[in-house]
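Report on one structure; see the data block that follows.
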Amino acid sequence: MAAPDEPRDDAESPENVPDDAPADVQADAAAADGSHEHFDSARLGDDVADHPRKDVPHPKDAAEPDDTIHQPEDVDPDSSAELPGKAQRVDAEGEDAPMDAETTQKKRAALVYNPTKVEPEVLRARVAELAGEAGWAEPLFYETTVDDLGDDATRAALDEKVDAVLVAGGDGTVRAVAEALTSTGVPLTIVPSGTGNLLARNLNLPLTDTDAMIRATFEGDVHSIDTGLARIRRADGEIEEHGFSVMAGMGLDAAMIQNTRDDLKKQVGWVAYVDGAARSLVNAKPFRVMYQLNGHRLHSAKVHSVLFANCGALQGGVALIPDASIADGRLDVAVLQPTGVLGWLGVWRSIVWDNSVLRRFRAGRRVLERRKDSSVRYLRGTGIELATAPAQPIELDGDEFGEATRIYTRIVAGGLIVALPKGHDVSSI
């Protein structure tokens with residue numbers, strides 16, 4: 001692993017920023033050009049008075065005026081054409097139900113689900129049946145909609161004083177529900193579904209045993225894990241904050257998600273991202289960033305992508321970030337800065353071979369200790385701030401979130417409580 005404070009000042013100057021750009025965005029441009037003064041003056045970290053907007057724009061609208069970044073195809077299914085609007089509660093039969101639920105003296109759970117990723121009737125019936133067997137009240141059921149990926153529904157459930165929340169859907173649904181549950185103390189149960197469910201994979205949960213996860217809500221163990229927060233500034237100067245459970249990213253990884261074909265993803269699942277990556281690499285260009293880990297000095301680098309990880313495992317057993325833990329209170333960062341074709345081969349070797357194969361063996365680790373490769377650099381800390389210009393695409397847990405000129409990511413240590421099957425092994429988490 002490269003030294004966290006090793007500088008790499010080999011970046012080219014960024015493109016010009018319009019004279020009428022907001023002052024803080026111009027400061028981000030100056031920071032990306034190497035100005036320590038401007039970097040500090042435009043900080044987004046917790047030590048300044050910036051506050052996220054509550055009425056944040058839709059990610060597609062946030063990309064205006066160039067309209068080059070669109071809401072990702074795989075977010076569109078987190079909705080129902082028949083049930084538009086924000087938080088939507090239904091009864092056990094799937095009929096519309098009032099948002100204000102009847103009070104009960106029993107414990108009660110809420111299920112938030114994406115109706116396009118599950119079999120709603122089967123899932124609702126099974127959750128209700130197992131809740132009744134455990135002596136809990138009939139659960140509250142919420143469907144994601146066009147305007148609510150699950151966060152509003154979760155907050156509505158919290159208003160009803162539920163004792164647990166189950167989520168079923170893709171990574172976007174899990175991310176939204178986990179964001180709303182962060183720091184509430186209410187346990188989250190992940191009922192695996194969709195093509196990714198990376199958080200479930202990093203927790204080593206049973207991916208095909210729905211009953212085991214539903215039962216975990218009522219009779220399983222609970223375990224605290226970290227969660228991430230990303231505060232971002234748009235090209236129009238607006239600031240917003242979102243949570244992430246697995247990882248956030250700026251640059252090529254977000255472009256890869258944008259270029260992933262929805263029809264192919266439905267056919268082959270996560271393998272479709274390989275197609276998106278191939279088409280993104282054709283026009284991939286490095287961009288310059290200034291970044292600073294909490295408590296470390298400022299650095300400049302020319303990069304293709306920067307990944308901010310709460311945990312490091314991808315589908316197929318690929319270890320994107322070695323030794324990353326979802327419960328260590330630390331943020332792991334991967335800076336991808338390849339040079340030419342050989343540089344990309346170095347990225348592939350580092351992620352697919354070194355991290356996923358060699359690091360498993362003592363002899364392999366000795367080989368890596370002697371090797372010097374700057375194509376991928378790994379950093380670790382409690383948080384990191386990064387500035388660039390012009391604005392670059394952002395993604396959170398596989399969902400595209402428009403463009404930003406600055407991002408500050410940090411870890412909320414132990415911020416999320418998850419329900420696990422009884423006796424679940426947490427030694428590798």
Side-chain angles (χ1 to χ4, degrees), residues 2-19 21-50 228-241 247-255 284-309 331-339 343 374-395 401-411:
D5 57 355
E6 178 185 347
R8 178 160 174 160
D9 300 320
D10 57 357
E12 299 172 355
S13 297
E15 299 175 22
N16 292 331
V17 173
D19 293 336
D24 46 13
V25 174
Q26 293 191 40
D28 290 339
D33 201 24
S35 169
H36 200 310
E37 177 183 354
H38 284 94
F39 188 93
D40 289 339
S41 67
R43 289 187 64 85
L44 291 179
D46 291 340
D47 56 338
V48 296
D50 286 329
L229 287 177
R231 184 176 295 183
I232 58 180
R233 176 152 53 227
R234 304 293 189 184
D236 62 3
E238 295 294 347
I239 296 169
E240 57 191 81
E241 189 170 78
M247 65 184 65
M250 170 181 273
L252 181 61
D253 59 308
K285 295 180 180 179
F287 57 97
R288 186 173 184 180
V289 298
M290 292 288 284
Y291 65 88
Q292 186 172 36
L293 276 172
N294 288 352
H296 291 263
R297 61 191 181 88
L298 192 67
H299 298 296
S300 169
K302 183 170 60 177
V303 306
H304 277 82
S305 188
V306 181
L307 300 170
F308 316 95
L331 180 72
D332 288 272
V333 182
V335 181
L336 276 61
Q337 44 187 161
T339 302
S374 60
S375 296
V376 182
R377 298 184 60 242
Y378 297 104
L379 314 171
R380 181 172 291 162
T382 57
I384 187 172
E385 185 151 8
L386 181 150
T388 188
Q392 297 294 327
I394 296 289
E395 62 90 5
F401 267 76
E403 295 181 323
T405 62
R406 182 176 287 252
I407 181 169
Y408 172 69
T409 58
R410 66 182 178 90
I411 287 295

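Given the structure is predicted, the values throughout are model-derived calculations rather than measurements.
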Next on the checklist: Before you tell me yes or no, could you show the steps for Leu44 and Ile239 under side chain to side chain contact (heavy atoms under 4.5 Å, CB included), namely the whole-Å CA-CA distance, both residues' side-chain angles and the distance that decides it to 0.1 Å?
Outcome noted: CA-CA 9 Å; Leu44 291 179; Ile239 296 169; 3.7 Å; yes
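- In this structure, the side chains of Gln292 and His299 stay at 4.5 Å or more apart for every pair of heavy atoms.
- For Ala391 against Thr405, the heavy-atom pair with the smallest separation is CB-CG2, 3.8 Å.
- For the pair Leu386/Arg406, no side-chain contact is recorded, criterion being any heavy-atom separation below 4.5 Å from C-beta on.
- The residues Glu240 and Arg234 are annotated as salt-bridged, a charged nitrogen and a carboxylate oxygen being separated by less than 4.0 angstrom.
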Checklist entry - Do Ser300 and Arg288 pass the side chain to side chain donor-acceptor pair (under 3.5 Å) test, and can you show the C-alpha distance, the side-chain angles, and the key distance before you say yes or no? => result CA-CA 7 Å; Ser300 169; Arg288 186 173 184 180; 2.9 Å; yes
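- Taking all atoms of both residues into account, the shortest heavy-atom contact from Ala42 to Arg233 is O-NH2, 2.8 Å.
- Under a 3.5 Å cut-off, the side chain of Ser305 and the backbone N or O of Met250 do form a donor-acceptor pair.
- Between Ile407 and Ile394 there is a side-chain heavy-atom pair separated by less than 4.5 Å.
- Under the 4.5 Å side-chain criterion, counting only non-hydrogen atoms from C-beta, Glu385 is in contact with Phe39.
- Counting heavy atoms from C-beta on, the side chains of Glu241 and Leu229 come closer than 4.5 Å.
- For Ile384, the side chain to side chain contact (heavy atoms under 4.5 Å, CB included) test picks out Tyr291, Leu293, Phe308, Leu331, Val333, Leu379, Thr409, with sequence neighbours left out.
- The distance from atom CG of Leu307 to atom OH of Tyr378, rounded to the nearest 0.5 Å, is 9.5 Å.
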